There are 2 protein chains.
Amino acid sequence: MTARPAAQPPERLRRLPSRLLTRTAAQVQRLVAEGLGEYRTHHYALMAAAAELGPASQAALGQACGMDRSDVVAALDDLTARGLVRRAPDPADRRRNTVVLTGDGERALHELDARVQEVQQRAFSPLTPDERAVLADLLARVNRHHAEAE
Amino acid sequence: MTARPAAQPPERLRRLPSRLLTRTAAQVQRLVAEGLGEYRTHHYALMAAAAELGPASQAALGQACGMDRSDVVAALDDLTARGLVRRAPDPADRRRNTVVLTGDGERALHELDARVQEVQQRAFSPLTPDERAVLADLLARVNRHHAEAE
DNA sequence: GCCGACTGTTGGCAGCACCAACGAATTCGT
DNA sequence: ACGAATTCGTTGGTGCTGCCAACAGTCGGC
């Protein structure tokens with residue numbers, strides 16, 4: 001070993017809040033992905049939305065999850081293929097598909113809920129409960145500020 | 001207008017710290033990307049590393065920026081094509097390329113520094129300076145925790 | 001001198017976030 | 001009532017970021 005210079009990130013990057021934010025998000029996202037196993041975040045988001053909204057159109061689900069219509073299609077294709085969700089044309093508005101969670105879908109969602117909660121613990125384990133709350137609050141305010149501006 | 005149901009995200013997602021983190025990061029990242037204009041974050045990171053490390057190998061730059069060797073190659077290809085960086089074989093170790101910032105590169109970096117700083121202001125504008133410091137500290141601790149575990 | 005490790009390079013993949021266009025269906029404006 | 005504008009699902013792309021595998025050339029330790 002030739003006495004590595006420690007390879008510290010450049011000063012400008014180390015002090016850059018946006019970088020800290022995106023890199024930490026990437027680390028946590030990686031943990032989440034591992035926790036979700038065979039599912040993607042899109043799958044979990046849509047199942048959660050379907051469970052809470054009840055029968056809803058794809059557009060409604062997409063809007064609730066903040067995802068693009070085309071990505072909703074792809075994710076629902078996966079979920080229907082696994083029998084976790086049913087897509088049926090809405091008789092009241094034939095443009096729409098009514099999406100509902102199947103029994104298997106509900107079971108899968110509960111399972112994922114557990115896995116996701118477990119990951120939250122590990123992801124933010126360096127912080128006390130109070131600190132986690134502070135972090136969530138600060139992030140929520142930043143998030144909201146940028147979301148409000150459409 | 002037909003009284004939109006507000007399309008609030010599902011409860012489970014709204015309360016999910018990891019989601020808050022990743023979505024906020026995405027919002028901020030978008031601002032950064034706009035601020036960087038014709039450059040990517042990789043470009044800025046590498047130029048910053050090159051400026052602070054002085055003449056260095058691609059491997060050293062990549063390690064400093066936490067990016068993959070292959071991505072370093074691609075980004076440096078862009079930067080050399082724009083004349084912002086020079087790649088020369090290291091006579092002391094012919095495996096390596098010595099990378100240095102050109103005059104144009106330094107000027108471009110200064111310009112980007114300014115743009116990036118301006119973006120930080122806008123990105124975290126809902127927070128007071130104290131709160132920004134708290135946020136940075138919390139993120140840094142989470143970040144460090146996951147980084148230490150290799 | 002050999003073998004293992006490192007370097008740059010190529011080429012690939014996955015996830016997430018987008019965007020454009022299209023046909024079918026519905027709603028709005030008048 | 002009827003044409004225009006809008007909505008919905010779908011298809012098929014794009015870009016950025018973060019990876020990984022393989023390979024040839026080079027170097028270091030033994």
Side-chain angles (χ1 to χ4, degrees), chain A residues 1-4 7 18-19 21-34 36-46 56-63 65-78 80 87-99 146-147, chain B residues 1-4 7 18-19 21-34 36-46 56-63 65-78 80 87-99 146-147:
Chain A
M1 229 174 261
T2 48
R4 287 282 174 65
S18 64
R19 183 175 171 91
L21 178 59
T22 55
R23 289 192 83 85
T24 307
Q27 289 170 328
V28 169
Q29 173 66 18
R30 165 167 288 228
L31 289 184
V32 171
E34 287 171 7
L36 289 180
E38 70 256 51
Y39 298 92
R40 312 285 132 252
T41 56
H42 280 171
H43 297 145
Y44 179 64
L46 284 178
S57 70
Q58 298 184 190
L61 295 177
Q63 208 171 350
C65 296
M67 45 189 290
D68 192 85
R69 299 179 288 170
S70 57
D71 299 323
V72 173
V73 172
L76 286 183
D77 283 350
D78 297 341
T80 55
R87 251 194 295 212
D90 182 343
D93 185 339
R94 305 213 311 276
R95 290 172 302 183
R96 298 183 182 177
N97 281 341
T98 298
V99 177
H146 296 302
Chain B
M1 222 169 267
T2 48
R4 287 283 174 64
S18 64
R19 183 175 171 95
L21 178 58
T22 54
R23 289 193 82 86
T24 309
Q27 290 171 327
V28 169
Q29 174 63 19
R30 163 168 289 228
L31 289 183
V32 170
E34 286 171 6
L36 289 180
E38 69 256 51
Y39 299 92
R40 313 284 131 252
T41 57
H42 279 171
H43 297 146
Y44 179 64
L46 284 178
S57 71
Q58 298 183 190
L61 295 177
Q63 209 170 347
C65 296
M67 45 190 289
D68 192 86
R69 300 179 288 171
S70 57
D71 299 324
V72 172
V73 172
L76 286 184
D77 283 349
D78 297 341
T80 54
R87 250 195 294 212
D90 183 343
D93 184 341
R94 304 214 309 275
R95 290 172 301 182
R96 298 184 180 177
N97 281 340
T98 297
V99 177
H146 297 300

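This is a predicted model, so every value here is computed, not measured. Lettering follows sequence order; numbering is per chain, from 1.
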(request) Grab the two heavy atoms, one from B/Cys65 and one from B/Ala45, that are nearest each other, plus how far apart they are. (result) SG-O, 3.4 Å
(message) Expressed as a whole number of angstroms, how long is the span from B/Asp90:CG to D/dC27:P?
(response) 9 Å
(request) Kindly calculate the angle separating the two end axes of the helix from C/dG1-D/dC30 to C/dT30-D/dA1, each obtained from five base pairs, and round it to 10 degrees. (result) 30°
(request) Compare all side-chain heavy atoms of B/Val72 with those of B/His42 and state whether any distance is below 4.5 angstrom. (result) no
(message) Check this one for me: any side-chain N or O of A/Arg95 less than 4.0 Å away from OP1 or OP2 of D/dG9?
(response) no
(message) Rounded to whole Å, please give me the gap between CG in B/Asp78 and C1' in D/dT17.
(response) 14 Å
(message) With a 4.0 Å limit, can you tell me whether B/Gln58 has a side-chain N or O closer than that to the phosphate oxygens OP1/OP2 of C/dT9?
(response) yes
Report, one pair per line, the protein and nucleotides 2-5 of chain D atoms (nitrogen or oxygen only) whose separation is under 3.5 Å.
none

(request) Go through the structure and list residues passing side chain to side chain donor-acceptor pair (under 3.5 Å) with B/His43, not counting sequence neighbours. (result) B/Asp78
(message) Can you tell me if A/Arg94 touches the phosphate of D/dT7, counting only side-chain N or O atoms and a distance under 4.0 Å to OP1 or OP2?
(response) no
(request) Taking side chain to side chain donor-acceptor pair (under 3.5 Å) as the test, write out the residues that go with A/Ser18, two or more places apart. (result) B/Gln120
Write out a two-atom table: protein N or O, nucleotide N or O from nucleotides 16-20 of chain C, distance below 3.5 Å.
| from | atom 1 | to | atom 2 | distance (Å) |
| --- | --- | --- | --- | --- |
| C/dC16 | OP1 | A/Gln29 | NE2 | 3.3 |
| C/dC16 | OP1 | A/Thr41 | OG1 | 2.6 |
| C/dA17 | OP2 | A/His42 | NE2 | 3.2 |
| C/dC18 | OP1 | B/Arg30 | NH2 | 3.3 |
| C/dC18 | O5' | B/Arg30 | NH2 | 2.8 |
| C/dC18 | N4 | A/Asp71 | OD1 | 3.1 |
| C/dC19 | N4 | A/Asp68 | OD2 | 3.4 |
| C/dC19 | N4 | A/Ser70 | OG | 2.7 |

(request) May I have the distance from A/Gln27 (atom CD) to D/dC19 (atom P), rounded to whole angstrom? (result) 10 Å
(request) Could you list the residues that satisfy side chain to side chain donor-acceptor pair (under 3.5 Å) with B/Asn97, not counting sequence neighbours? (result) B/Gln58
(message) From CG of B/Asp93 over to P of C/dG8, roughly how many Å is that when rounded to an integer?
(response) 8 Å
(message) Tell me every residue that passes side chain to side chain donor-acceptor pair (under 3.5 Å) with A/Thr80, counting only those two or more places apart in sequence or in another chain.
(response) none
(message) How many whole angstroms separate atom CG of B/Asn97 from atom C1' of D/dG25?
(response) 12 Å
(request) Could I get the full list of side-chain contact (heavy atoms from CB on, under 4.5 Å) partners for A/Arg96, not counting sequence neighbours? (result) A/Ser57, A/Asp90, A/Asp93
(request) Would you kindly give the CG-to-C1' distance between A/Leu61 and D/dC8, to the nearest whole Å? (result) 13 Å
(message) List the residues meeting side-chain contact (heavy atoms from CB on, under 4.5 Å) with A/Asp77, not counting sequence neighbours, and say none if there are none.
(response) A/Val73, A/Arg87
(request) Measure from CD on A/Glu38 to C1' on C/dA14 and round the result to the nearest Å. (result) 16 Å
(request) For residues A/Arg23 and B/Gly66, report the shortest heavy-atom separation together with the two atoms involved. (result) NH2-O, 3.3 Å
(message) Going by side-chain contact (heavy atoms from CB on, under 4.5 Å), name the residues that satisfy it together with B/Gln29, two or more places apart in sequence or in a different chain.
(response) A/Thr22, B/Thr41
(request) Write down the distance between CD (A/Gln63) and P (D/dG9), rounded to a whole number of angstrom. (result) 11 Å
(request) Apply side-chain contact (heavy atoms from CB on, under 4.5 Å) to B/Ala56 and list each qualifying residue two or more places apart in sequence or on a separate chain. (result) B/Leu53, B/Ala60, B/Leu61
